[in-house]
Amino acid sequence: MSVRYSMTEARTRFGELLRKVERGETVVITWHGRTVAHMVSDKEAECEDHAQAVARFYRRLQALEPTGMTIEEILQTLHEGHRY
């Protein structure tokens, strides 16, 4: 769930907005009617970062498919140079 606030209103209610974010709400801040920021919890931001990384990985896998590499070869390539 997201709640919208103008920049002026967000400035005066900042503490309240942080509590909303802490409870899991997304706060949208607008400037002259345009969305300029989304305040989200750190946990939600980490989940989004993870989702974007997974999406990038799958796009790269799809790009490698025409090369004829198998999944095993792709994984071996990813792990080359890692020290255990």
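Atom set for the values below is all heavy atoms of this structure, side chains included, hydrogens, waters and symmetry mates excluded. Worth saying up front: this structure is predicted, and the values here are computed from it rather than measured.
Within the 4.5 Å cutoff, no side-chain heavy atoms of Met39 are placed close to those of Tyr5.
Taken together through direct or relayed side-chain contacts under 4.5 Å among Ile, Leu, Val, Met, Phe, Trp and Tyr, Met7 and Val28 form parts of separate hydrophobic clusters. Val3 and Val40 are members of different hydrophobic clusters when ILVMFWY side chains are connected at heavy-atom separations under 4.5 Å.
In this structure, the separation between CG on Leu18 and CD on Glu25 is 12.0 Å, given to the nearest 0.5 Å. If you take CD1 on Ile29 and CZ on Arg4, they are separated by 11.0 Å, rounding to the nearest 0.5 Å.
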